[in-house]
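Bear in mind that the values here come from a model prediction, so they are computed numbers and not experimental data.
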Amino acid sequence: MKRIFFVIAIIAASCNAHEQHTQTTDTSSVKSRVDTTLVDIKMEEIKAEEPPPPPPPIKTYANARFKDVSVKKTGDHQFLIKGKAQVFEANISWVVEDGHDELKKGFQMTDAGAPAWGNFTFSIDVQKKRQNSTLTLILFESSAKDGSRQYELPVRLY
């Protein structure tokens, strides 16, 4: 009888060991699937949180009297113009043309006159007359002698 009891105990122990091993394997398999899912989710979060690519550099324009001139479109027909100028009495003139007509013109003061480079910033609001035309801003220095345009710097708006 002891022998039968001993055989039954061995069989029960081996069955129990097999169940524990199966449970352990199942648990590690579940853990592995969970860990992989977490890794996948974290990778998606990282991809979603990547910063957008930087904007293209702003184009600048220059000539003998103007430098670091940039134009930023701030609205449908509004533009912000910034730059530096080395002009007589710190006065720059400008005109917006469409290839046929002068649509707008004016002048702007810099914060220093020649021979220093003075900073300037101003905004303009100008709309096309013709849909297929191209607007060009022309910065220039007016001649002290006769008022003619000198050192013109054309800048395409749109």
* Asked: Has Lys73 got more than 12 heavy atoms of other residues, nucleotides or ligands less than 6.0 Å from its NZ?
  -> yes
* salt bridge (charged side-chain N to carboxylate O under 4.0 Å, His left out) involving Arg149 - partner list, sequence neighbours excluded ->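 With neighbours one apart ignored, the set is Glu97, Glu102, Glu152.
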* Structure fact -> Applying salt bridge (charged side-chain N to carboxylate O under 4.0 Å, His left out) to Lys128 and not counting sequence neighbours gives none
What's in the same ILVMFWY side-chain cluster as [X], cut-off under 4.5 Å, chained through other members?
| X | value |
| --- | --- |
| Phe107 | none |
| Leu135 | Tyr61, Phe66, Val69, Val71, Phe79, Ile81, Val87, Ile92, Trp94, Val96, Leu103, Phe120, Phe122, Ile124, Val126, Leu137, Leu139, Leu153, Val155, Leu157, Tyr158 |
| Phe140 | Val95, Ile138 |

* Working to the nearest 0.5 Å, report the span between NZ of Lys59 and CZ of Arg156. =>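 The CZ atom of Arg156 is 9.0 Å from NZ of Lys59, to the nearest 0.5 Å.
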* Please identify each residue that fulfils side chain to side chain donor-acceptor pair (under 3.5 Å) with Ser143, with sequence neighbours left out. =>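 Partners of Ser143 by the side chain to side chain donor-acceptor pair (under 3.5 Å) criterion, ordered by chain and then number, come out as Asp146.
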* **Qualifying salt bridge (Lys or Arg N to Asp or Glu O under 4.0 Å) pairs, either residue in residues 74-83, two or more places apart** =>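 The answer is none; no pair qualifies.
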* Asked: Does the pair Asp98/Arg130 count as a salt bridge with the N-to-O cut at 4.0 Å?
  ->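 Yes, charged N to carboxylate O under 4.0 Å.
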* Pairs touching residues 109-125 that satisfy side chain to side chain donor-acceptor pair (under 3.5 Å), sequence neighbours left out -> Gln78-Asp125, Asp111-Asn119
* **Pairs touching residues 133-142 that satisfy side chain to side chain donor-acceptor pair (under 3.5 Å), sequence neighbours left out** =>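 Matches after skipping sequence neighbours: Arg65-Glu141, Ser93-Ser142.
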* Asked: Is there a donor-acceptor pair closer than 3.5 Å between any side-chain N or O of Asn63 and the backbone N or O of Tyr151?
  -> yes
* Asked: Which heavy atom of Asp101 sits nearest a heavy atom of Lys129, and at what distance?
  ->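 In this case the closest contact between Asp101 and Lys129 is OD2-NZ, 3.9 Å.
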